[in-house]
Participant: 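Here you go, one structure.
Start at 1 with the first residue, then count along the sequence. FYI, side chains are in, hydrogens and waters are out, and symmetry mates aren't considered; it's all heavy atoms of this structure.
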Amino acid sequence: MSGTSVIRVDLASVSRADGEPVHLLPCEVEHDGPAQVDRFFSAAVKERESDKSVSFRGRGLRGREVSCPEGYTGLVLKEDHRPVSEEEERSLRVRTVFSSLTYWNLETPPSSDDGVAMAMSWPDIAGAIHGPVED
């Protein structure tokens with residue numbers, strides 16, 4: 001089939017994955033590799049009543065920590081080499097395993113309307129929609 005590719009995830013890499021904190025930033029960082037998050041980012045985070053705040057490259061960020069839904073585990077995947085064509089098989093390994101993450105908005109306080117917050121509630125909603133109906 002033209003235009004399709006196979007993606008394989010090395011499940012054995014789960015046991016070797018670390019448990020680093022995960023931050024979802026509202027920007028693209030052109031860096032591929034480890035970062036000293038604890039030294040340059042997490043140390044500056046200010047805890048507020050219902051959220052967190054920090055400055056990143058001079059811009060204010062507001063964030064909230066959210067947990068993965070019950071029964072789910074978050075994975076950060078890494079591709080060791082990029083395929084030359086779409087037909088070439090892709091192979092990913094698990095780099096980090098997490099049960100919660102902190103997502104950040106650019107200057108906007110986090111709310112239940114944020115995409116990440118809504119995504120974390122989707123398994124419960126899907127279970128209610130697709131679950132058995134009681135008479």
Side-chain angles (χ1 to χ4, degrees):
M1 235 158 70
S2 179
T4 61
S5 63
V6 174
I7 300 174
R8 299 200 189 282
V9 177
D10 175 13
L11 295 179
S13 64
V14 170
S15 63
R16 296 186 303 270
D18 56 23
E20 296 291 324
V22 174
H23 294 269
L24 181 59
L25 298 171
C27 61
E28 183 175 326
V29 177
E30 293 193 19
H31 174 73
D32 186 15
Q36 295 178 345
V37 174
D38 288 339
R39 183 168 173 210
F40 294 110
F41 189 75
S42 296
V45 172
K46 294 180 184 127
E47 300 285 336
R48 300 164 72 133
E49 281 183 33
S50 62
D51 62 18
K52 301 175 180 201
S53 68
V54 72
S55 177
F56 182 71
R57 300 195 69 148
R59 301 290 302 268
L61 301 179
R62 302 278 299 272
R64 177 177 291 156
E65 185 172 346
V66 293
S67 296
C68 294
E70 188 175 331
Y72 288 80
T73 300
L75 304 175
V76 176
L77 303 173
K78 178 162 177 63
E79 187 168 28
D80 290 320
H81 109 283
R82 297 189 187 271
V84 177
S85 70
E86 286 187 26
E87 287 79 25
E88 187 178 341
E89 184 176 292
R90 298 174 69 188
S91 181
L92 306 173
R93 65 181 169 83
V94 179
R95 175 144 166 69
T96 302
V97 177
F98 61 93
S99 59
S100 67
L101 66 97
T102 303
Y103 76 93
W104 297 93
N105 293 335
L106 186 58
E107 300 172 354
T108 306
S111 77
S112 59
D113 293 333
D114 292 331
V116 173
M118 290 191 298
M120 293 300 182
S121 64
W122 180 247
D124 290 337
I125 296 168
I129 292 171
H130 301 289
V133 178
E134 295 180 23
D135 290 330

Participant: I'd like to know if Val66 and Met118 are part of one continuous hydrophobic network [Ile/Leu/Val/Met/Phe/Trp/Tyr, side-chain heavy atoms within less than 4.5 Å].
Facilitator: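 Unlinked, Met118 and Val66 end up in two clusters.
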
Participant: If two hydrophobic side chains count as joined below 4.5 Å and joins carry through other members, does Val14 share a cluster with Val9?
Facilitator: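 Yes, Val14 and Val9 fall within the same hydrophobic cluster.
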
Participant: Who else is in the cluster with Ile129 when I, L, V, M, F, W and Y are joined by side-chain contacts under 4.5 Å?
Facilitator: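 Noted: Ile129 shares its cluster with Trp122, Ile125.
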
Participant: Measure the CD-NE2 distance between Glu65 and His23 for me, rounded to the nearest 0.5 Å.
Facilitator: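 Reported value, rounded in 0.5 Å steps: 8.5 Å.
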
Participant: Do any side-chain atoms of residues 109-116 form donor-acceptor pairs under 3.5 angstrom with protein atoms, and if so which ones, sequence neighbours left out?
Facilitator:
residue: Ser111; atom: OG; partner: Asp113; partner atom: N; Å: 3.2
residue: Asp114; atom: OD2; partner: Tyr103; partner atom: OH; Å: 2.8
residue: Asp114; atom: OD2; partner: Asn105; partner atom: ND2; Å: 3.0
residue: Asp114; atom: OD2; partner: Ser111; partner atom: N; Å: 2.8

Participant: How would you list, by chain and number, every residue that makes a salt bridge (Lys or Arg N to Asp or Glu O under 4.0 Å) with Glu20, sequence neighbours excluded?
Facilitator: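 Expected list: none.
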
Participant: So do Pro69 and Asp124 actually touch side chain to side chain, heavy atoms under 4.5 Å?
Facilitator: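 No, every pair of side-chain atoms sits at 4.5 Å or beyond.
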
Participant: Any chain of hydrophobic side-chain contacts (each under 4.5 Å) joining Leu11 to Ile7?
Facilitator: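 Yes, because Leu11 and Ile7 connect within a single hydrophobic cluster, where side-chain heavy atoms sit under 4.5 Å apart.
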
Participant: Under 4.5 Å between any side-chain heavy atoms of Thr96 and Leu75, yes or no?
Facilitator: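 SC-SC contact between Thr96 and Leu75 ruled out.
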
Participant: Are Trp104 and Leu24 joined in one hydrophobic group, where the rule is that I, L, V, M, F, W and Y side chains link up if heavy atoms are under 4.5 Å apart?
Facilitator: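 Trp104 and Leu24: separate clusters.
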
Participant: How about Glu107: does its CD atom have over 12 heavy atoms from other parts shown lying under 6.0 Å from it?
Facilitator: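 More than 12 heavy atoms, drawn from other residues, nucleotides or ligands, come within 6.0 Å of this atom.
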
Participant: Could you point out which residue of Lys78, Arg93, Arg16 forms a salt bridge (Lys or Arg N to Asp or Glu O under 4.0 Å) with Asp10?
Facilitator: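 Filter result, single survivor: Arg16.
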
Participant: If hydrophobic clusters are built from ILVMFWY residues whose side chains come within less than 4.5 Å, do Leu106 and Leu25 share one?
Facilitator: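 Same cluster.
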
